[in-house]
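Any value given below was found using the heavy atoms of this structure, including those in side chains, with hydrogens, waters and symmetry copies removed.
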Amino acid sequence: MSKYTREDIVRMVREQDVEFIRMQFTDIFGQLKNVAITASQVEKAVNNEIMIDGSSIEGFVRIQESDQYLRPDLDSFTILPWRPQHGKVARLICDVYNPDGTPFVGDPRGVLKRVLAKAAEMGYSFNVGPECEFFLFETDDDGKPTTKTGDEAGYFDLGPLDHGESTRREICMALEQMGFEIEASHHEVAAGQHEIDFRYADALTAADDIMTFKLAVKSIAQKNGLHATFMPKPVFGINGSGMHTNMSLFKDGRNAFYDESDPLKLSKTAYNFIAGLLHHVKGMVAITNPLVNSYKRLVPGYEAPCYIAWSARNRSALIRIPAARGQATRVELRCPDPSCNPYLALAVCLAAGLDGIEKDMTPPAEINDNIFAMDAATRAARGIDSLPGSLSDAVDALEADELIAGTLGDHVLKNYVAGKRKEWDAFRMAVTDWEIGKYVILY
């Protein structure tokens with residue numbers, strides 16, 4: 001049931017001194033876009049009359065098909081607390097539609113909605129709790145980001161060692177004003193690295209929340225003279241940033257992953273879901289780990305998973321089952337990073353899990369040993385495969401996985417693959433500082 005009607009939005013804009021409204025949407029590469037309108041246009045906005053030029057958005061439409069319309073999700077209305085409180089700025093998260101009134105097939109939010117509709121047909125709702133990590137870096141005299149932190153803190157440390165603590169606290173307070181329920185906030189392992197966890201929600205809300213979270217973090221950091229980045233591996237030799245993704249299916253109000261009679265307290269549905277994720281994960285990582293840089297994080301030695309296995313306890317496995325049971329039973333996929341498009345990432349995760357349920361897949365044996373300590377022969381003997389080692393390999397795997405490719409749809413798949421191939425080629429042809437240092441004198 002909706003929280004707000006069109007009349008509610010118009011009234012709140014007028015009563016709360018809102019001067020600008022950001023009509024937000026997300027492109028296929030996970031970049032947040034918006035059209036800013038004045039308060040005088042709010043009635044056009046809630047009547048789905050705000051138009052954009054889709055040909056100007058990478059991966060959307062061609063110039064001869066440029067007109068598209070933004071249909072706001074009225075329940076997403078909120079005031080941005082870091083903006084001036086006199087002449088406030090609000091936002092509405094939007095779906096993208098064609099002029100004929102049909103949903104645009106290239107809208108990532110629509111991709112997730114289609115998979116959620118399939119889950120609903122099977123009787124399931126899909127809940128997600130993300131764990132978003134990021135770095136706070138100092139800026140130079142010109143305001144450009146550096147990779148310096150001025151921070152000597154470690155895991156769970158606090159000020160005065162944690163120089164980002166006050167910014168992190170401000171972010172949490174702003175998010176709570178926007179309706180988030182913050183469950184945890186702490187310094188992470190690496191200097192300058194932070195994590196803020198917010199309460200799980202239905203998958204569409206969770207994806208919206210991730211986009212809002214990234215905007216809030218970047219905006220408040222900038223206001224405080226810092227630069228926030230969700231780049232997966234900004235500094236060599238220290239931990240990168242992940243976005244561990246906790247997932248559960250509910251059916252008839254009960255957690256479908258819980259079974260009191262099972263030794264691990266997991267249901268057959270949970271085992272099927274895990275098996276589906278493991279079966280399709282190679283095809284998923286081009287979505288969950290979308291950058292050239294993502295694969296600098298997915299290497300042994302820095303707690304990020306790079307081997308395909310699952311465990312109820314083992315943090316070196318790709319999939320972990322946190323200890324909580326009952327209604328809190330969940331599956332944690334540990335490979336995604338926060339640079340991903342959350343709508344597409346959650347869509348492929350759900351599609352893979354549902355495929356495991358539909359095909360009654362059985363996962364391999366649980367791995368409780370430290371996989372990072374195993375040699376290649378031991379891993380092979382125990383049937384432990386590896387994730388793709390580069391963006392190029394990941395895109396190959398995406399194209400080879402019919403289910404994951406089909407989940408994206410032809411339009412998103414074609415444009416996403418083309419964009420990632422272009423990104424890989426630009427990286428492949430670049431001459432890096434490492435190469436200069438290694439070869440210029442030697443050869």
Side-chain angles (χ1 to χ4, degrees), residues 1-26 31-53 68-97 101 103-104 107-110 112-113 130 132 166-183 185 196 198-224 228 342-343:
M1 186 176 176
S2 296
K3 288 192 301 182
Y4 299 135
T5 64
R6 295 175 183 179
E7 293 73 23
D8 289 333
I9 303 298
V10 173
R11 176 181 50 78
M12 288 189 292
V13 165
R14 290 172 178 163
E15 289 180 353
Q16 299 189 42
D17 187 32
V18 172
E19 284 194 3
F20 290 94
I21 305 159
R22 290 185 178 181
M23 308 287 286
Q24 296 178 346
F25 60 100
T26 302
Q31 296 298 309
L32 188 64
K33 306 291 184 180
N34 83 106
V35 173
I37 62 171
T38 61
S40 66
Q41 304 299 302
V42 64
E43 292 192 19
K44 285 179 63 178
V46 298
N47 287 313
N48 308 324
E49 296 173 5
I50 301 299
M51 192 166 61
I52 61 168
D53 175 6
Q68 293 181 306
Y69 287 85
L70 299 180
R71 293 195 177 188
D73 182 335
L74 301 183
D75 288 347
S76 71
F77 179 85
T78 189
I79 291 170
L80 304 181
W82 58 87
R83 300 293 296 169
Q85 292 307 290
H86 175 71
K88 297 173 184 174
V89 178
R91 75 93 201 270
L92 284 164
I93 295 173
C94 303
D95 296 309
V96 182
Y97 272 69
F104 172 48
D107 179 11
R109 204 167 186 260
L112 177 55
K113 282 185 169 183
C132 296
S166 59
T167 294
R168 194 175 69 231
R169 182 175 64 249
E170 190 176 342
I171 292 166
C172 290
M173 292 170 64
L175 291 171
E176 287 191 328
Q177 287 182 55
M178 299 176 76
F180 282 64
E181 183 177 336
I182 304 299
E183 294 192 328
S185 161
I196 297 174
F198 39 92
R199 181 176 170 80
Y200 78 89
D202 67 274
L204 188 64
T205 300
D208 289 342
D209 286 348
I210 291 168
M211 295 303 298
T212 299
F213 173 81
K214 291 200 271 191
L215 175 64
V217 169
K218 283 184 167 291
S219 299
I220 294 169
Q222 183 182 47
K223 181 172 71 72
N224 292 346
Y343 301 103

Query raised in the report: Is the shortest heavy-atom distance from the side chain of R6 to the side chain of N48 under 4.5 Å?
Result: yes

Query raised in the report: Between R14 and E43, is there a side-chain N and carboxylate O pair less than 4.0 Å apart?
Result: yes

Query - side chain to side chain contact (heavy atoms under 4.5 Å, CB included) partners of S76, counting only residues at least two apart - result: D73, R91, L92, I93

Query raised in the report: With a 4.5 Å heavy-atom cut-off, do P72 and D95 have their side chains touching?
Result: no

Query raised in the report: What closest approach, in Å, do L74 and V46 show between heavy atoms, and which atom pair accounts for it?
Result: CD2-CG1, 4.1 Å

Report task. Mind checking side chain to side chain donor-acceptor pair (under 3.5 Å) for N224 and listing every partner two or more places apart, or none if nothing turns up? Result -> T167, E170

Report task. Might you confirm whether atom CD of Q222 has over 12 heavy atoms from other residues, nucleotides or ligands at distances under 6.0 Å? Result -> no

Query raised in the report: How many angstroms lie between CD1 in I196 and CZ in R169, if you round to the nearest 0.5 Å?
Result: 11.5 Å

Query raised in the report: Can you tell if the side chain of W82 reaches within under 4.5 Å of the side chain of L215, non-hydrogen atoms only?
Result: yes

Query raised in the report: In Å and rounded to the nearest 0.5 Å, what is the CG to OG1 distance from L32 to T212?
Result: 7.5 Å

Under 3.5 Å, side-chain donor or acceptor atoms of residues 15-25 against the rest of the protein: list the pairs with distances, not counting sequence neighbours.
from	atom 1	to	atom 2	distance (Å)
E15	OE1	R11	NH1	3.3
D17	OD2	G87	N	3.0

Query raised in the report: Roughly how far apart are D208 CG and T78 OG1, rounded to 0.5 Å?
Result: 12.0 Å

Query raised in the report: Side-chain donor-acceptor pair under 3.5 Å between T5 and D8, yes or no?
Result: yes

**Report entry** Spacing of CD belonging to E49 relative to CE belonging to M51, to within rounding of 0.5 Å
**Finding:** 11.0 Å

Report task. Would you please classify the geometry between the F213 ring and the F198 ring as parallel, tilted or perpendicular, with 30° and 60° separating the classes? Result -> tilted

**Report entry** 4.5 Å side-chain heavy-atom contact, D107 and Y343
**Finding:** no

Query raised in the report: In Å, rounded to the nearest 0.5 Å, how long is the span from CG of L175 to CD of E181?
Result: 12.5 Å

Report task. To the nearest 0.5 Å, tell me how far D209 CG sits from M178 CE. Result -> 9.0 Å

**Report entry** V96 side chain reached by R109 side chain, heavy atoms, under 4.5 Å
**Finding:** no

Report task. Answer yes or no: is there a side-chain heavy-atom contact under 4.5 Å between K88 and L80? Result -> no

